[in-house]
Amino acid sequence: MRALRVIGLHEDGKSIVLEDPASRTRFLLPADERLRAAARGDIARLGQIEIELESQMRPREIQARIRAGESVEQVAGGSGVSAQRVERFAYPVLLERSRTAELAQSAHPVREDGPDVQTLGEVIAYAFGVRGHDYTQAKWDSWRGDDGKWVVVLRWKAGRSDNRAHWSFAPGAHGGTVQALDENAEVLLNPNAYRAPRTVRALEPARDAVIQPTLDSADEVRAIEAPTRPEEDEDDDTREIPRVPPSDDDSDGSGAESDENPRTKAKKNHPIVPSWEDVLLGVRSQRG
């Protein structure tokens with residue numbers, strides 16, 4: 001056993017600073033009633049203080065707090081009693097809570113027209129399958145409320161969020177019944193109302209079908225372009241289409257042409273537009 005030396009009072013005024021002379025390691029010692037009794041050598045007072053501390057948390061009180069939903073660590077941290085002592089009395093109650101949560105999974109959810117044919121466990125397993133959650137990772141627990149009724153809780157993780165759902169459990173014939181206590185519990189009891197969110201990837205084919213061209217190759221794109229004018233005709237701006245001389249039957253002796261054969265001239269600087277068949281076949285239109 002190593003001996004420590006007193007350095008002084010800690011800045012909080014409630015602890016004494018001790019130091020190991022060999023390693024220079026420092027320790028804090030609470031300056032409570034037990035330390036004062038030990039400093040005075042009052043062994044009787046030390047025994048009395050130990051009894052008072054243990055009597056502050058009776059076994060029945062430990063079990064009541066555990067049955068109400070607290071953990072061993074929560075009870076030990078809030079009462080100052082060691083976790084080993086709390087666990088010794090909490091163990092049978094923890095088994096009771098686990099057994100109640102197991103029985104609640106065989107209970108039937110209460111609907112508007114009466115209890116459901118399926119059990120709570122079957123309904124929740126189907127709801128998890130629809131949503132793509134891992135039901136094997138979900139955890140069931142239960143506790144007894146202030147009114148004496150059991151509350152069943154289901155904890156699961158979806159992405160980065162921790163979720164909980166609560167039901168009230170009434171044991172009885174054929175497994176008993178459960179009723180939803182919050183929104184998560186109501187949604188899980190009605191899995192048919194779940195709609196999977198539409199992803200952006202699912203909309204991409206429809207968008208691509210609108211904006212993508214329907215041509216099969218670049219050759220068809222070039223085929224519908226208007227053909228350019230031949231080089232030998234670029235400087236011929238005054239060229240006219242030759243006229244057909246009128247026949248004797250068509251002339252009325254006044255030298256004027258009949259209305260059936262009007263005189264036509266080609267417009268300057270405007271190429272003749274080829275027909276659609278010439279464009280597809282790649283044939284250049286011939287001038288008369």
- request: Drop me the distance from Arg144's CZ to Trp150's CH2, to the nearest 0.5 angstrom.
  value: 5.0 Å
Determine the minimum heavy-atom distance between [X] and [Y], stating which atoms define it.
X      : Y      : value
Phe128 : Ala138 : CE2-CB, 4.2 Å
Ala104 : Val178 : O-CG1, 4.1 Å
Asn190 : Arg111 : N-NH1, 4.5 Å
Trp156 : Arg164 : CZ3-C, 3.9 Å
Ala185 : Ala180 : CB-CB, 3.6 Å
Ser142 : Val153 : N-CG1, 4.5 Å

By salt bridge (charged side-chain N to carboxylate O under 4.0 Å, His left out) - contacts of Arg26 (at least two apart): Glu19
message: Restricting to salt bridge (charged side-chain N to carboxylate O under 4.0 Å, His left out), what partner residues turn up for Asp141, sequence neighbours left out?
response: Arg97, Arg155
When clusters are formed by joining ILVMFWY residues with side-chain heavy atoms under 4.5 Å apart, either directly or through shared neighbours, do [X] and [Y] land in the same one?
X      : Y      : result
Val17  : Leu4   : no
Leu181 : Leu154 : no
Ile16  : Phe27  : yes
Leu103 : Leu189 : yes
Ile62  : Leu94  : yes

Check whether any side-chain heavy atom of [X] lies under 4.5 Å from a side-chain heavy atom of [Y], and answer yes or no.
X      : Y      : answer
His133 : Asn163 : no
Thr100 : Phe169 : yes
Val75  : Ile66  : yes
Val6   : Leu18  : yes

Would you tabulate the side-chain donor-acceptor contacts of residues 118-125 under 3.5 Å, counting partners in other chains and residues two or more places apart, or write 'none'?
| unit_1 | atom_1 | unit_2 | atom_2 | d |
| --- | --- | --- | --- | --- |
| Thr119 | OG1 | Glu122 | N | 3.4 |
| Glu122 | OE1 | Thr119 | N | 3.2 |

- prompt: When you look at OH of Tyr91, are more than 12 heavy atoms from neighbouring residues, nucleotides or ligands closer to it than 6.0 Å?
  reply: no
field: Within 6.0 angstrom of Arg5 CZ, more than 12 heavy atoms from elsewhere
entry: yes
Would you find a donor on one side and an acceptor on the other, under 3.5 Å apart, between the side chain of [X] and the backbone of [Y]?
X      : Y      : answer
Glu87  : Val72  : no
Asp182 : His166 : yes
Ser98  : Leu95  : no

query: Between Asp116 and His108, do the side chains contain an N or O donor and an N or O acceptor separated by less than 3.5 Å?
result: no
query: Are any of the side-chain nitrogens in Glu96 or Arg99 under 4.0 Å away from the carboxylate oxygens of its partner?
result: no
message: Please determine whether ring-ring contact (aromatic ring centres under 6.0 Å, His included) holds for the pair Trp140 and Trp167, giving the CA-CA distance in whole Å, both sets of side-chain angles, and the decisive distance to 0.1 Å.
response: CA-CA 11 Å; Trp140 290 90; Trp167 295 269; 5.8 Å; yes
